Amino acid sequence: MRRKLAAGNWKMNMTPTQTKEFLKEIAPLVKGAESEVLFFVPAIDIPAAVEAAAGTGIGIGAENFYFEDKGAFTGEISLEMIKDAGVSYVLIGHSERRTIFSENDEWINKKLLKAIECKMKPMLCCGESLEIREKGETLSWIEAQIRSAFNGVSADQAAATVIAYEPIWAIGTGKVATTDQAQEVCGMIRKLIAEIYDADTADKIRILYGGSVNPENAAELFAQPDIDGGLVGGASLKTSFEKIVKA
Ligand code: 13P
């Protein structure tokens, strides 16, 4: 049985002070939740988040990192730094990193391989633009993203990776994918994992939906057979995220 996962992605929001206050408020609300609860936070917030989340069961992840070990990479942080700060999850391939910061499939594959090598828990994002969807090319687009990201990853390593399907047109727009659209792509991703690896790996891997998830639509999305939870942006900045965790 796959354990459900409710993950927040704060993006460029929350100061270290706000991080401490928010986690103190939400921790009792999600205590004992059936699902795993996790927040991806900005690098500067990591120490405050790790301290505030200690003993609460809430996991902390890093929104970004660079795949080299160390050196002349001004402004970047390494996995060793992140790990030393007490973080276990890392987010890879978010559409904002791909589009605004020009991260390509090759980089994303390098990041996934590096995260696995460093024994971090990676969450890999994929998703299509509105243009791709309207052209009817969603499934082949997602397939190409997944095949490229998992190049060189073994079945066991893949099973321990989380995939987040986030249609770009649904991110921060309030325009959520229908449950049928979300299930169709998440189901296709699981079939693809079975094809690349085997049925057991496909059965183990967790696949989340992200894009305008909120307390009202979460339960229906998470009830779909191939959706194992959500990756939540805006709605993870409020204590009502509790309702998404419980959904
Ligand atoms: P929203 O939930 O704000 O649409 O953002 C989704 C997202 O990009 C999470 O990574």
Side-chain angles (χ1 to χ4, degrees), residues 4-14 18-19 22 26 30 35-43 45-46 49 58-65 87 89-103 107-108 111-112 115 120-130 132-133 138 141-142 145-146 149 161-179 181-183 185-186 189 206-222 224 227-247:
K4 295 265 184 194
L5 170 55
N9 172 12
W10 285 357
K11 310 191 178 185
M12 200 171 73
N13 294 290
M14 296 270 197
Q18 289 165 340
T19 297
F22 178 83
I26 199 153
V30 299
S35 64
E36 188 177 352
V37 182
L38 163 71
F39 292 99
F40 289 101
V41 306
D45 295 337
I46 287 174
I58 296 174
I60 300 298
E63 290 178 18
N64 190 32
F65 65 94
V87 163
Y89 272 98
V90 285
L91 197 59
I92 299 170
H94 192 280
S95 62
E96 286 148 20
R97 301 272 347 147
R98 293 181 193 252
T99 55
I100 305 170
F101 301 102
S102 307
E103 289 194 15
W107 267 50
I108 288 158
K111 285 179 138 185
L112 183 55
M120 303 290 286
K121 297 180 194 166
M123 185 181 293
L124 174 85
C125 304
C126 60
E128 82 288 2
S129 65
L130 189 58
I132 300 271
R133 177 157 286 269
T138 298
W141 178 267
I142 301 292
Q145 284 187 328
I146 299 282
T161 300
V162 179
I163 297 176
Y165 166 57
E166 299 203 305
I168 298 171
W169 47 272
I171 295 178
T173 57
K175 197 178 165 196
V176 66
T178 64
T179 44
Q181 286 172 325
Q183 164 57 31
V185 179
C186 292
I189 294 171
R206 290 186 292 177
I207 304 172
L208 313 185
Y209 167 79
S212 297
V213 174
N214 63 39
E216 284 71 49
N217 60 30
E220 197 185 326
L221 286 161
F222 301 169
Q224 300 305 304
I227 301 180
D228 304 314
L231 179 59
V232 184
S236 73
L237 297 164
K238 300 181 202 143
T239 50
S240 56
F241 181 67
E242 168 210 1
K243 299 201 179 100
I244 296 176
V245 170
K246 289 178 179 161

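Just so you know, ligand 1 is whichever comes first in the structure, and atom 1 is the first atom listed for that ligand. Quick caveat, the model's predicted, so the values are computed rather than measured.
- Shown in contact with L231 at under 4.0 Å from a heavy atom are these atoms of ligand 1, numbered in order with element: 9 (C), 10 (O).
- Applying the 6.0 Å contact sphere to CD of Q18 captures more than 12 heavy atoms from other residues, nucleotides or ligands.
- For atom 3 (O) of ligand 1, the closest non-hydrogen atom on the protein side is G234 N, 2.9 Å.
- Remark: of the listed residues L231, I108, N9, L231 is the sole one forming a side chain to side chain contact (heavy atoms under 4.5 Å, CB included) with C125.
- Within the 4.0 Å heavy-atom cutoff, A235 does not count among the residues contacting ligand 1.
- If you check the side chains of E166 and H94, you find a donor sitting under 3.5 Å from an acceptor.
- For the side chain to side chain contact (heavy atoms under 4.5 Å, CB included) criterion with L208, the lone passing option out of L5, V213, L221, I227 is L5.
- Atom 5 (O) of ligand 1 has its closest protein heavy atom at K11 NZ, 3.3 Å.
- Contacts of N9 with ligand 1, taken as heavy-atom pairs under 4.0 Å, involve the side chain alone.
- In this structure, the protein non-hydrogen atom closest to atom 4 (O) of ligand 1 is G172 N, 2.6 Å.
- Which of K175, E63, E166, E96 comes nearest to atom 7 (C) of ligand 1 through a heavy atom is settled by distance: it is E166.
- Scored by the salt bridge (charged side-chain N to carboxylate O under 4.0 Å, His left out) test, E242 finds K246 as partners (sequence neighbours excluded).
- With rounding to the nearest 0.5 angstrom, the CE atom of M14 is 4.5 Å from the CZ atom of F22.
- The protein non-hydrogen atom at the shortest distance from atom 2 (O) of ligand 1 is G233 N, 2.8 Å.
- For S240, the side-chain hydrogen bond (donor to acceptor under 3.5 Å, both in side chains) test picks out no residue, with sequence neighbours left out.
- When only interatomic distances are considered, the shortest N/O to N/O separation between T173 and ligand 1 does not fall below 3.5 Å.
- Heavy-atom proximity to A170, at under 4.0 Å, picks out these atoms of ligand 1: 4 (O).
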